Amino acid sequence: MRARFAPVRDCFHDLFAAGRETGASLAVWYDGRLVVDLVGGSRGGATADPSRGRPGDGRDWRPDTLVNVYSVGKPVVALCLLALVDRGRLGLDDPVAAHWPGFRAPATVRQVLSHTAGLPAFPVPRPADAVADWALLCADLAAAEPEWEPGSVAGEHAWTYGHLVGELVRRVDGRSVGRFLADEIAGPWRLDLGFGLGPADRRRCADLSYGDPGWPARTLGEPGSVRARALGNPAGGLDVAVLNGPVWRGAEVPAVNLHATAAGLARLYAGLLAGGTLDGVRLFSPELVGEATRVQYDGPDVVLDRRACWTLGMQWEPDGSWGMGGIGGSSAWADPARGYTFAYATARLAGHDRVDELVEALHSCL
(Lines give C-alpha, C1' and ligand atoms only; values in the text may rest on other atoms or scores of the structure.)
Protein backbone atom coordinates (compact mmCIF):
# COMPACT_ATOMS: atom_id res chain seq x y z
CA MET A 1 0.00 0.00 0.00
CA ARG A 2 1.27 3.49 -0.85
CA ALA A 3 2.35 5.59 2.15
CA ARG A 4 0.08 8.37 0.95
CA PHE A 5 -2.93 6.27 1.95
CA ALA A 6 -1.74 5.39 5.47
CA PRO A 7 -4.70 7.25 7.05
CA VAL A 8 -7.06 4.79 5.33
CA ARG A 9 -5.10 1.82 6.68
CA ASP A 10 -5.08 3.35 10.17
CA CYS A 11 -8.83 3.96 10.10
CA PHE A 12 -9.44 0.38 8.95
CA HIS A 13 -7.30 -1.02 11.78
CA ASP A 14 -8.98 1.26 14.33
CA LEU A 15 -12.36 -0.30 13.54
CA PHE A 16 -11.05 -3.66 14.76
CA ALA A 17 -9.23 -2.22 17.76
CA ALA A 18 -12.46 -0.53 18.90
CA GLY A 19 -14.50 -3.72 18.45
CA ARG A 20 -16.65 -2.12 15.74
CA GLU A 21 -15.56 -4.61 13.10
CA THR A 22 -15.07 -8.37 13.23
CA GLY A 23 -14.05 -9.22 9.68
CA ALA A 24 -13.80 -7.20 6.47
CA SER A 25 -11.87 -6.30 3.35
CA LEU A 26 -11.23 -2.89 1.81
CA ALA A 27 -9.92 -1.95 -1.64
CA VAL A 28 -9.37 1.36 -3.41
CA TRP A 29 -8.25 2.10 -6.96
CA TYR A 30 -6.96 5.60 -7.64
CA ASP A 31 -5.84 7.05 -10.95
CA GLY A 32 -6.23 3.64 -12.57
CA ARG A 33 -4.20 1.66 -10.01
CA LEU A 34 -4.89 -0.43 -6.93
CA VAL A 35 -3.60 1.67 -4.02
CA VAL A 36 -5.32 0.09 -0.98
CA ASP A 37 -5.94 -3.63 -0.50
CA LEU A 38 -6.59 -4.58 3.13
CA VAL A 39 -8.14 -7.51 4.97
CA GLY A 40 -8.62 -8.01 8.68
CA GLY A 41 -10.34 -9.96 11.41
CA SER A 42 -12.09 -13.29 11.31
CA ARG A 43 -14.41 -15.11 8.93
CA GLY A 44 -16.43 -16.21 11.96
CA GLY A 45 -17.42 -19.74 12.86
CA ALA A 46 -17.05 -21.84 15.96
CA THR A 47 -13.24 -21.97 15.92
CA ALA A 48 -12.67 -18.25 15.51
CA ASP A 49 -12.09 -15.58 18.12
CA PRO A 50 -15.45 -13.76 18.07
CA SER A 51 -13.96 -10.27 18.17
CA ARG A 52 -10.47 -10.20 16.68
CA GLY A 53 -9.82 -13.23 14.49
CA ARG A 54 -6.44 -14.03 16.03
CA PRO A 55 -3.79 -15.29 13.60
CA GLY A 56 -3.59 -19.04 13.47
CA ASP A 57 -7.16 -19.77 14.57
CA GLY A 58 -7.92 -21.27 11.16
CA ARG A 59 -10.66 -18.76 10.36
CA ASP A 60 -8.63 -15.63 9.60
CA TRP A 61 -10.01 -13.32 6.91
CA ARG A 62 -7.85 -13.84 3.82
CA PRO A 63 -7.51 -11.97 0.50
CA ASP A 64 -9.76 -14.57 -1.14
CA THR A 65 -12.44 -14.59 1.58
CA LEU A 66 -15.91 -14.09 0.11
CA VAL A 67 -18.80 -12.44 1.92
CA ASN A 68 -22.46 -11.80 1.13
CA VAL A 69 -22.63 -8.08 0.26
CA TYR A 70 -26.42 -7.79 -0.09
CA SER A 71 -27.54 -5.03 -2.51
CA VAL A 72 -24.00 -4.30 -3.66
CA GLY A 73 -24.83 -7.09 -6.12
CA LYS A 74 -27.64 -5.17 -7.85
CA PRO A 75 -25.33 -3.23 -10.21
CA VAL A 76 -23.52 -6.50 -10.95
CA VAL A 77 -26.64 -8.30 -12.14
CA ALA A 78 -27.64 -5.15 -14.04
CA LEU A 79 -24.31 -5.22 -15.88
CA CYS A 80 -25.06 -8.74 -17.10
CA LEU A 81 -28.22 -7.52 -18.82
CA LEU A 82 -26.53 -4.32 -19.99
CA ALA A 83 -23.84 -6.39 -21.68
CA LEU A 84 -26.57 -7.95 -23.80
CA VAL A 85 -28.03 -4.51 -24.52
CA ASP A 86 -24.57 -3.38 -25.61
CA ARG A 87 -24.40 -6.33 -28.02
CA GLY A 88 -27.77 -5.48 -29.55
CA ARG A 89 -29.56 -8.54 -28.17
CA LEU A 90 -32.36 -6.40 -26.68
CA GLY A 91 -33.22 -2.73 -26.24
CA LEU A 92 -33.64 -0.69 -23.09
CA ASP A 93 -37.11 0.43 -24.14
CA ASP A 94 -38.31 -3.01 -25.19
CA PRO A 95 -41.34 -4.30 -23.27
CA VAL A 96 -40.24 -7.02 -20.87
CA ALA A 97 -42.99 -9.24 -22.34
CA ALA A 98 -41.26 -9.13 -25.74
CA HIS A 99 -38.51 -11.30 -24.25
CA TRP A 100 -40.45 -12.95 -21.43
CA PRO A 101 -43.76 -14.27 -22.81
CA GLY A 102 -46.52 -14.25 -20.22
CA PHE A 103 -45.00 -11.40 -18.22
CA ARG A 104 -48.06 -9.43 -17.14
CA ALA A 105 -46.80 -6.02 -16.04
CA PRO A 106 -46.52 -3.43 -18.88
CA ALA A 107 -42.94 -2.57 -17.90
CA THR A 108 -39.92 -1.95 -20.10
CA VAL A 109 -36.37 -3.21 -19.68
CA ARG A 110 -35.29 0.30 -18.67
CA GLN A 111 -37.98 0.46 -15.99
CA VAL A 112 -36.90 -2.89 -14.56
CA LEU A 113 -33.28 -1.72 -14.43
CA SER A 114 -34.18 1.61 -12.78
CA HIS A 115 -36.48 0.22 -10.04
CA THR A 116 -39.62 1.79 -11.53
CA ALA A 117 -41.32 -1.40 -12.82
CA GLY A 118 -43.81 -1.57 -9.93
CA LEU A 119 -42.85 -5.06 -8.70
CA PRO A 120 -40.87 -4.39 -5.51
CA ALA A 121 -42.06 -7.52 -3.67
CA PHE A 122 -42.79 -11.12 -4.55
CA PRO A 123 -46.61 -11.39 -4.54
CA VAL A 124 -46.88 -14.86 -2.96
CA PRO A 125 -45.48 -15.55 0.54
CA ARG A 126 -42.70 -18.12 0.27
CA PRO A 127 -40.56 -19.97 2.84
CA ALA A 128 -36.78 -19.64 3.06
CA ASP A 129 -36.06 -22.70 0.94
CA ALA A 130 -37.86 -21.08 -2.01
CA VAL A 131 -34.63 -19.16 -2.75
CA ALA A 132 -33.40 -22.32 -4.46
CA ASP A 133 -36.42 -22.42 -6.82
CA TRP A 134 -35.67 -19.85 -9.52
CA ALA A 135 -38.56 -20.93 -11.75
CA LEU A 136 -41.12 -20.61 -8.96
CA LEU A 137 -40.14 -17.07 -7.98
CA CYS A 138 -39.94 -15.92 -11.60
CA ALA A 139 -43.40 -17.37 -12.26
CA ASP A 140 -44.72 -15.43 -9.26
CA LEU A 141 -43.33 -12.20 -10.74
CA ALA A 142 -44.56 -12.90 -14.25
CA ALA A 143 -48.14 -13.26 -13.00
CA ALA A 144 -48.07 -10.26 -10.66
CA GLU A 145 -49.95 -7.01 -11.11
CA PRO A 146 -47.67 -3.97 -10.64
CA GLU A 147 -48.17 -1.97 -7.47
CA TRP A 148 -47.94 1.28 -9.43
CA GLU A 149 -47.97 2.29 -13.07
CA PRO A 150 -44.51 1.32 -14.38
CA GLY A 151 -42.33 4.37 -14.82
CA SER A 152 -44.43 6.64 -12.58
CA VAL A 153 -42.47 6.26 -9.35
CA ALA A 154 -39.52 4.26 -8.00
CA GLY A 155 -39.19 1.81 -5.17
CA GLU A 156 -36.12 -0.30 -4.60
CA HIS A 157 -36.93 -3.80 -5.84
CA ALA A 158 -35.08 -5.20 -2.87
CA TRP A 159 -35.44 -8.96 -3.53
CA THR A 160 -37.18 -9.01 -6.88
CA TYR A 161 -34.60 -7.00 -8.84
CA GLY A 162 -32.25 -9.93 -9.37
CA HIS A 163 -34.98 -12.25 -10.61
CA LEU A 164 -36.47 -9.67 -12.95
CA VAL A 165 -33.10 -8.76 -14.44
CA GLY A 166 -31.65 -12.26 -14.22
CA GLU A 167 -34.61 -13.93 -15.92
CA LEU A 168 -34.29 -11.46 -18.79
CA VAL A 169 -30.64 -12.51 -19.11
CA ARG A 170 -31.68 -16.16 -19.16
CA ARG A 171 -34.48 -15.60 -21.66
CA VAL A 172 -32.26 -13.65 -24.07
CA ASP A 173 -28.98 -15.55 -23.66
CA GLY A 174 -29.94 -19.02 -22.41
CA ARG A 175 -27.52 -19.07 -19.48
CA SER A 176 -28.38 -18.39 -15.85
CA VAL A 177 -27.23 -14.99 -14.66
CA GLY A 178 -24.65 -16.61 -12.39
CA ARG A 179 -23.15 -18.51 -15.32
CA PHE A 180 -23.28 -15.41 -17.54
CA LEU A 181 -21.49 -13.34 -14.89
CA ALA A 182 -18.74 -15.94 -14.52
CA ASP A 183 -18.24 -16.41 -18.26
CA GLU A 184 -18.68 -12.90 -19.61
CA ILE A 185 -17.62 -10.46 -16.86
CA ALA A 186 -15.92 -12.01 -13.81
CA GLY A 187 -13.71 -14.31 -15.88
CA PRO A 188 -12.47 -11.82 -18.48
CA TRP A 189 -11.84 -9.08 -15.90
CA ARG A 190 -10.52 -11.48 -13.22
CA LEU A 191 -13.07 -10.53 -10.56
CA ASP A 192 -13.47 -12.64 -7.43
CA LEU A 193 -17.25 -12.51 -7.07
CA GLY A 194 -20.25 -14.57 -8.05
CA PHE A 195 -23.86 -15.70 -7.71
CA GLY A 196 -24.63 -19.33 -6.84
CA LEU A 197 -21.40 -20.62 -5.31
CA GLY A 198 -20.07 -24.14 -5.76
CA PRO A 199 -18.77 -26.19 -2.79
CA ALA A 200 -15.17 -24.93 -3.03
CA ASP A 201 -16.21 -21.26 -3.05
CA ARG A 202 -18.69 -21.82 -0.23
CA ARG A 203 -15.76 -22.93 1.93
CA ARG A 204 -14.15 -19.51 1.40
CA CYS A 205 -17.13 -17.59 2.80
CA ALA A 206 -17.23 -15.50 5.93
CA ASP A 207 -20.17 -15.98 8.26
CA LEU A 208 -22.40 -12.94 8.68
CA SER A 209 -23.24 -11.74 12.19
CA TYR A 210 -25.39 -9.00 13.70
CA GLY A 211 -23.75 -5.92 15.14
CA ASP A 212 -27.00 -5.52 17.10
CA PRO A 213 -29.59 -8.29 17.65
CA GLY A 214 -32.35 -5.77 16.93
CA TRP A 215 -30.99 -5.01 13.46
CA PRO A 216 -33.28 -7.39 11.49
CA ALA A 217 -36.49 -5.98 12.95
CA ARG A 218 -35.39 -2.38 12.39
CA THR A 219 -34.39 -3.18 8.83
CA LEU A 220 -37.78 -4.66 7.95
CA GLY A 221 -39.71 -1.69 9.28
CA GLU A 222 -43.44 -1.70 9.98
CA PRO A 223 -45.17 -5.07 9.52
CA GLY A 224 -47.22 -5.08 6.33
CA SER A 225 -45.42 -2.05 4.86
CA VAL A 226 -44.10 -2.21 1.31
CA ARG A 227 -40.59 -2.20 2.79
CA ALA A 228 -41.38 -5.21 5.00
CA ARG A 229 -42.94 -7.07 2.07
CA ALA A 230 -40.02 -6.21 -0.18
CA LEU A 231 -37.37 -7.36 2.31
CA GLY A 232 -39.18 -10.16 4.12
CA ASN A 233 -40.36 -12.52 1.36
CA PRO A 234 -39.13 -15.19 0.90
CA ALA A 235 -38.44 -15.64 4.59
CA GLY A 236 -34.91 -15.79 5.93
CA GLY A 237 -33.19 -12.98 4.07
CA LEU A 238 -32.16 -11.32 7.34
CA ASP A 239 -31.62 -14.54 9.32
CA VAL A 240 -27.94 -15.46 9.66
CA ALA A 241 -28.89 -19.11 10.16
CA VAL A 242 -30.16 -19.01 6.57
CA LEU A 243 -27.57 -16.62 5.15
CA ASN A 244 -24.61 -18.67 6.41
CA GLY A 245 -25.99 -21.95 5.09
CA PRO A 246 -25.25 -23.90 1.91
CA VAL A 247 -28.71 -23.42 0.35
CA TRP A 248 -28.44 -19.62 0.41
CA ARG A 249 -24.82 -19.56 -0.76
CA GLY A 250 -25.51 -22.05 -3.53
CA ALA A 251 -28.66 -20.30 -4.81
CA GLU A 252 -28.81 -17.41 -7.24
CA VAL A 253 -30.60 -14.52 -5.51
CA PRO A 254 -28.88 -11.78 -7.50
CA ALA A 255 -30.51 -8.79 -5.80
CA VAL A 256 -29.09 -9.68 -2.42
CA ASN A 257 -26.66 -12.63 -2.42
CA LEU A 258 -23.61 -11.64 -4.41
CA HIS A 259 -20.58 -13.08 -2.62
CA ALA A 260 -17.49 -11.03 -3.28
CA THR A 261 -14.14 -9.69 -2.14
CA ALA A 262 -13.63 -5.95 -1.85
CA ALA A 263 -10.75 -6.26 -4.31
CA GLY A 264 -13.04 -7.83 -6.91
CA LEU A 265 -15.66 -5.11 -6.49
CA ALA A 266 -13.20 -2.21 -6.65
CA ARG A 267 -11.65 -3.74 -9.76
CA LEU A 268 -15.07 -4.01 -11.42
CA TYR A 269 -15.76 -0.33 -10.84
CA ALA A 270 -12.26 0.54 -12.07
CA GLY A 271 -13.18 -1.04 -15.39
CA LEU A 272 -16.39 0.96 -15.57
CA LEU A 273 -14.63 4.18 -14.58
CA ALA A 274 -12.18 3.56 -17.44
CA GLY A 275 -15.07 3.41 -19.91
CA GLY A 276 -15.60 -0.34 -20.03
CA THR A 277 -12.04 -1.54 -20.67
CA LEU A 278 -9.73 -3.06 -18.04
CA ASP A 279 -6.20 -4.35 -18.68
CA GLY A 280 -6.90 -4.18 -22.39
CA VAL A 281 -10.10 -6.24 -22.16
CA ARG A 282 -13.14 -4.33 -23.36
CA LEU A 283 -16.46 -5.60 -22.01
CA PHE A 284 -18.64 -2.52 -22.43
CA SER A 285 -18.68 0.41 -24.81
CA PRO A 286 -18.10 3.89 -23.35
CA GLU A 287 -21.57 4.81 -24.59
CA LEU A 288 -23.15 1.95 -22.65
CA VAL A 289 -21.25 2.91 -19.48
CA GLY A 290 -22.42 6.50 -19.93
CA GLU A 291 -26.06 5.46 -20.25
CA ALA A 292 -25.80 2.96 -17.40
CA THR A 293 -24.49 5.63 -15.02
CA ARG A 294 -26.88 8.40 -16.09
CA VAL A 295 -29.74 9.31 -13.75
CA GLN A 296 -32.95 7.65 -14.92
CA TYR A 297 -35.14 8.59 -11.96
CA ASP A 298 -34.82 11.31 -9.33
CA GLY A 299 -37.61 11.49 -6.79
CA PRO A 300 -39.31 9.68 -3.92
CA ASP A 301 -38.54 6.02 -3.37
CA VAL A 302 -41.63 4.38 -1.91
CA VAL A 303 -39.70 1.43 -0.48
CA LEU A 304 -36.74 3.31 0.99
CA ASP A 305 -39.07 6.15 2.12
CA ARG A 306 -36.60 8.81 1.02
CA ARG A 307 -35.45 10.61 -2.10
CA ALA A 308 -33.42 8.46 -4.48
CA CYS A 309 -31.55 8.92 -7.74
CA TRP A 310 -31.47 5.66 -9.70
CA THR A 311 -29.33 4.94 -12.73
CA LEU A 312 -29.61 1.60 -14.56
CA GLY A 313 -28.86 -0.50 -11.50
CA MET A 314 -26.98 1.95 -9.31
CA GLN A 315 -27.63 4.87 -7.02
CA TRP A 316 -26.30 8.25 -8.12
CA GLU A 317 -25.04 10.73 -5.53
CA PRO A 318 -24.96 14.55 -5.73
CA ASP A 319 -21.15 14.55 -5.98
CA GLY A 320 -21.44 12.58 -9.23
CA SER A 321 -20.40 9.20 -7.80
CA TRP A 322 -22.35 6.05 -8.63
CA GLY A 323 -22.56 2.60 -7.09
CA MET A 324 -24.48 0.75 -4.40
CA GLY A 325 -24.48 0.02 -0.70
CA GLY A 326 -25.82 -3.08 1.00
CA ILE A 327 -28.04 -2.83 4.07
CA GLY A 328 -25.47 -4.53 6.32
CA GLY A 329 -22.66 -2.06 5.60
CA SER A 330 -20.88 -3.33 2.49
CA SER A 331 -20.52 -0.77 -0.32
CA ALA A 332 -18.88 -0.28 -3.72
CA TRP A 333 -18.81 2.70 -6.08
CA ALA A 334 -16.85 4.93 -8.42
CA ASP A 335 -16.15 8.64 -7.91
CA PRO A 336 -15.31 10.07 -11.36
CA ALA A 337 -14.58 13.57 -10.06
CA ARG A 338 -11.92 12.37 -7.63
CA GLY A 339 -10.74 9.50 -9.80
CA TYR A 340 -11.17 6.57 -7.43
CA THR A 341 -13.20 3.42 -6.89
CA PHE A 342 -13.95 2.10 -3.41
CA ALA A 343 -15.21 -1.21 -2.05
CA TYR A 344 -15.81 -2.41 1.48
CA ALA A 345 -17.04 -5.94 2.21
CA THR A 346 -18.00 -6.74 5.79
CA ALA A 347 -19.46 -9.66 7.70
CA ARG A 348 -20.74 -7.50 10.57
CA LEU A 349 -24.24 -6.24 9.76
CA ALA A 350 -24.20 -2.84 11.40
CA GLY A 351 -24.88 0.02 9.00
CA HIS A 352 -22.65 2.37 7.02
CA ASP A 353 -20.91 4.52 9.65
CA ARG A 354 -17.69 2.53 9.12
CA VAL A 355 -17.73 3.30 5.41
CA ASP A 356 -18.33 6.99 6.08
CA GLU A 357 -15.23 7.16 8.28
CA LEU A 358 -13.09 5.26 5.79
CA VAL A 359 -14.17 7.58 2.98
CA GLU A 360 -13.39 10.62 5.09
CA ALA A 361 -9.90 9.22 5.65
CA LEU A 362 -9.54 8.51 1.94
CA HIS A 363 -10.58 12.01 0.93
CA SER A 364 -7.96 13.44 3.30
CA CYS A 365 -5.33 11.67 1.18
CA LEU A 366 -6.46 12.99 -2.21
Side-chain angles (χ1 to χ4, degrees), residues 16 21-27 37-74 76-77 128-129 131-132 134 159 162 176-179 181-182 185-187 190-211 215-216 234 236-268 324-332 343-350 354:
F16 293 91
E21 185 55 272
T22 54
S25 58
L26 169 67
D37 189 8
L38 301 170
V39 301
S42 164
R43 292 187 290 142
T47 63
D49 183 292
S51 62
R52 299 297 297 278
R54 294 171 180 165
D57 67 6
R59 294 287 295 176
D60 305 329
W61 196 292
R62 302 177 184 277
D64 69 346
T65 293
L66 299 169
V67 67
N68 191 136
V69 293
Y70 274 115
S71 288
V72 177
K74 286 184 170 71
V76 179
V77 67
D129 59 7
V131 299
W134 180 269
W159 270 76
S176 76
V177 71
R179 185 72 264 155
L181 173 63
I185 299 176
R190 295 185 288 112
L191 310 175
D192 198 359
L193 47 80
F195 301 119
L197 304 182
D201 287 336
R202 291 200 293 267
R203 288 192 288 271
R204 295 195 284 134
C205 288
D207 285 345
L208 299 179
S209 64
Y210 303 136
W215 177 81
L238 299 175
D239 181 350
V240 293
V242 173
L243 301 170
N244 296 333
V247 173
W248 177 268
R249 290 172 176 168
E252 293 186 13
V253 193
V256 288
N257 89 333
L258 182 74
H259 287 76
T261 64
L265 290 164
R267 183 174 171 83
L268 170 66
M324 195 72 185
I327 57 173
S330 295
S331 291
Y344 187 69
T346 177
R348 186 174 187 265
L349 306 176
R354 294 157 293 174

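Predicted model, so just to flag it, every value in this text is computed and none were measured. These numbers come from the heavy atoms of this one structure, side chains and all, not from hydrogens, waters or symmetry mates.
To the nearest 0.5 angstrom, Leu268 atom CG is 8.5 Å from Leu181 atom CG. Atom-to-atom distance recorded for Met324:CE and Tyr70:OH is 13.5 Å, nearest 0.5 angstrom. Atom CG in Leu265 sits 8.0 Å away from atom OG in Ser25 (nearest 0.5 Å). Atom CZ in Arg202 sits 13.0 Å away from atom CG in Asn244 (nearest 0.5 Å).
A heavy-atom distance below 4.5 Å is not found between the side chains of Asp60 and Val39. Within the 4.5 Å cutoff, the side chain of Leu193 has no heavy atoms near those of the Val69 side chain.
Looking at residues two or more places apart in sequence or on another chain, you find a side chain to side chain contact (heavy atoms under 4.5 Å, CB included) between Pro216 and Tyr210, Leu238. Residues satisfying the side chain to side chain contact (heavy atoms under 4.5 Å, CB included) test with Ala128, not counting sequence neighbours, are Val242. Partners of Arg204 under the salt bridge (charged side-chain N to carboxylate O under 4.0 Å, His left out) rule, at least two apart in sequence or in another chain, are Asp192, Asp201. Every residue meeting the side chain to side chain donor-acceptor pair (under 3.5 Å) condition with Trp248, not counting sequence neighbours, appears here in chain and number order: Asn68. Residues forming a side chain to side chain donor-acceptor pair (under 3.5 Å) with Tyr344 (at least two apart in sequence, or on another chain): Glu21. Listed by chain and residue number, Trp61, Val67, Ala206, Leu208 satisfy the side chain to side chain contact (heavy atoms under 4.5 Å, CB included) test with Ala347 (two or more places apart in sequence, or in another chain). Annotation: salt bridge (charged side-chain N to carboxylate O under 4.0 Å, His left out) contacts of Arg348 (sequence neighbours excluded): none.
Looking at every heavy atom in both residues, Thr346 comes nearest to Gly328 through CG2-O, 4.3 Å. Scanning both residues, Gly325 and Val72, for their nearest heavy atoms gives C-CG2, 3.9 Å. The shortest non-hydrogen separation linking Thr22 to Ser209 is OG1-OG, 4.2 Å. Listed here is the closest heavy atom pair of Leu26 and Ala262: N-CB, 3.7 Å. The two residues Ala266 and Ala343 make their nearest non-hydrogen contact at N-CB, 3.6 Å. In terms of heavy atoms, Trp134 sits closest to Pro254 at CZ3-CD, 3.6 Å.
Under the 3.5 Å distance criterion, the side-chain polar atoms of Ser71 are left unmatched by any main-chain donor or acceptor of Lys74.
Each salt bridge (Lys or Arg N to Asp or Glu O under 4.0 Å) pair with one or both residues in residues 236-259, not counting sequence neighbours, appears once here: Asp207-Arg249. The side chain to side chain donor-acceptor pair (under 3.5 Å) contacts involving residues 254-268 comprise Arg267-Asp279, where partners must be two or more places apart or lie in separate chains.
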